[in-house]
Amino acid sequence: MHVVSPGERGTPEATGAKSGTLSSLLPGGKLPCGAVVSAGGDLPLLIALAAEAATDGGAWAAVGLPQLGGLAAADAGLDLACGLAVPEPGRRWPEVLATVCEAAPVVLLGPVGQVALRTSRRIAARLRRSGTTLLTWQDWPEAQLRLRVAEARWDGLGDGFGLLAGRRARLVVAGRGAATQPRHAEVWLPGPDGSVHLIAEPAAGVDADVVPLRPVTAR
């Protein structure tokens with residue numbers, strides 16, 4: 001285990017990113033404590049959710065995510081000084097995860113392959129006791145919320161020229177209880193400054209997979 005170094009923070013402008021832009025998509029305006037939220041295999045979304053949960057410089061941890069970059073995490077709004085990383089937990093990742101959940105209220109979990117129902121239930125019980133929010137890169141058997149990127153494209157590239165300025169994405173959130181009816185919204189994920197911004201307000205009852213993204217102008 002190692003703490004993510006503050007030296008990886010990047011520029012002051014990047015570390016000043018604010019979280020909270022995903023709250024309008026979430027039931028009750030926040031991520032649930034003591035539960036699992038899946039990010040549909042999208043790393044930028046996973047990082048943005050972590051920043052949403054670890055507000056006000058709260059502690060967080062990442063397990064099985066060697067590809068997690070300090071600059072991307074800082075741009076999204078995570079405080080690197082409060083981060084704990086276990087890049088390679090190995091085959092005993094459930095035990096590592098259980099230990100980390102006792103130390104951090106927000107935990108990101110990378111791809112771990114198929115999860116047995118028995119393992120999933122043990123982890124769920126640990127989360128309920130600790131109150132930890134577990135954010136998973138992959139789909140999870142008993143996730144309370146499931147977010148996914150239904151459509152995305154990068155902005156800023158021309159025909160063989162240009163620089164990547166940001167990624168416009170349509171997010172869809174569904175789950176149990178108040179999240180039974182899927183909701184969707186257009187967002188920068190990440191935006192030109194590395195943080196997450198809403199492009200269009202959340203809506204419900206629309207098939208987000210077939211409605212094309214609308215052109216927007218970056219501010």
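What you see is a predicted model; the values in this text were computed from it and never measured.
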Starting at [atom1] of [X], measure out to [atom2] of [Y] and round the result to the nearest 0.5 Å.
| X | Y | atom1 | atom2 | value |
| --- | --- | --- | --- | --- |
| Leu145 | Trp140 | CG | CH2 | 15.5 Å |
| His184 | Arg170 | NE2 | CZ | 6.5 Å |
| Arg122 | Leu97 | CZ | CG | 11.0 Å |
| Glu52 | Leu78 | CD | CG | 11.0 Å |

Residues forming a side-chain hydrogen bond (donor to acceptor under 3.5 Å, both in side chains) with [X], sequence neighbours excluded:
| X | answer |
| --- | --- |
| Trp137 | none |
| Thr119 | none |
| Ser38 | none |

[X] versus [Y], closest heavy-atom pair with distance:
| X | Y | value |
| --- | --- | --- |
| Val106 | Ala54 | CG2-N, 4.0 Å |
| Trp188 | Gly191 | CB-CA, 3.5 Å |
| Pro87 | Pro66 | O-CD, 3.4 Å |
| Thr180 | Pro182 | O-CD, 3.3 Å |

Could you tell me if the side chain of [Y] sits less than 4.5 Å from the side chain of [X], heavy atoms only?
| X | Y | answer |
| --- | --- | --- |
| Val115 | Trp93 | yes |
| Leu134 | Ile123 | yes |
| Ile199 | Arg168 | yes |
| Cys101 | Leu127 | yes |
| Thr136 | Val37 | no |
| Leu171 | Leu22 | yes |

Checking Arg183 against Val172 for the side chain to side chain contact (heavy atoms under 4.5 Å, CB included) test, could you report, in this order, the C-alpha distance in whole Å, the side-chain angles of both residues, the deciding distance, and whether it holds? CA-CA 6 Å; Arg183 304 190 74 202; Val172 181; over 6 Å; no
So, using side-chain contact (heavy atoms from CB on, under 4.5 Å) as the criterion, who are the partners of [X] when residues are at least two apart?
| X | answer |
| --- | --- |
| Pro105 | Ala59 |
| Ala185 | Leu25, Leu198, Pro202 |
| Gln114 | none |
| Ala35 | Pro32, Gln144 |

Results of salt bridge (charged side-chain N to carboxylate O under 4.0 Å, His left out) for Arg129 - residues two or more places apart only: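 Listed in chain order: nothing, the list is empty.
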Which residues share a salt bridge (charged side-chain N to carboxylate O under 4.0 Å, His left out) with Glu142, sequence neighbours left out: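 For Glu142, the residues satisfying salt bridge (charged side-chain N to carboxylate O under 4.0 Å, His left out) (neighbours in sequence not counted) are Arg121.
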With side chain to side chain contact (heavy atoms under 4.5 Å, CB included) as the criterion, how do Val107 and Thr133 come out once you've worked through the C-alpha distance, each side chain's angles and the decisive distance to 0.1 Å?
CA-CA 6 Å; Val107 178; Thr133 299; over 6 Å; no
Checking the side chain of Trp60 only, and the main-chain atoms of Asp79 only, is there a donor and an acceptor separated by less than 3.5 Å?
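Side chain of Trp60 to backbone of Asp79, a donor-acceptor pair under 3.5 Å: yes, one is there.
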- Task: For residues 23-36, pull every pair meeting salt bridge (charged side-chain N to carboxylate O under 4.0 Å, His left out), keeping only residues two or more places apart or in separate chains.
- Result: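 The answer is none; no pair qualifies.
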Within residues 92-117 or reaching into it, pairs that qualify as salt bridge (charged side-chain N to carboxylate O under 4.0 Å, His left out) - sequence neighbours excluded
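Sorted pair list: Glu102-Arg126.
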- Decide side chain to side chain contact (heavy atoms under 4.5 Å, CB included) for Glu88 and Val86; before the verdict, give the C-alpha distance in whole Å, the side-chain angles of both, and the deciding distance to 0.1 Å. CA-CA 6 Å; Glu88 302 290 347; Val86 188; over 6 Å; no
With a 3.5 Å cut-off and sequence neighbours excluded, list the donor-acceptor pairs that the side chains of residues 39-51 form with protein atoms.
unit_1 : atom_1 : unit_2 : atom_2 : d
Asp42  : OD1    : Arg167 : NH1    : 3.0
Asp42  : OD1    : Arg167 : NH2    : 3.2
Asp42  : OD2    : Leu45  : N      : 2.9
Asp42  : OD2    : Arg167 : NH2    : 2.9

### Message
I'd like to know whether Val173 forms a side chain to side chain contact (heavy atoms under 4.5 Å, CB included) with Arg146, so could you lay out the CA-CA distance, the side-chain angles of the two residues, the decisive distance to 0.1 Å, and finally the verdict.
### Response
CA-CA 6 Å; Val173 58; Arg146 288 182 168 86; over 6 Å; no
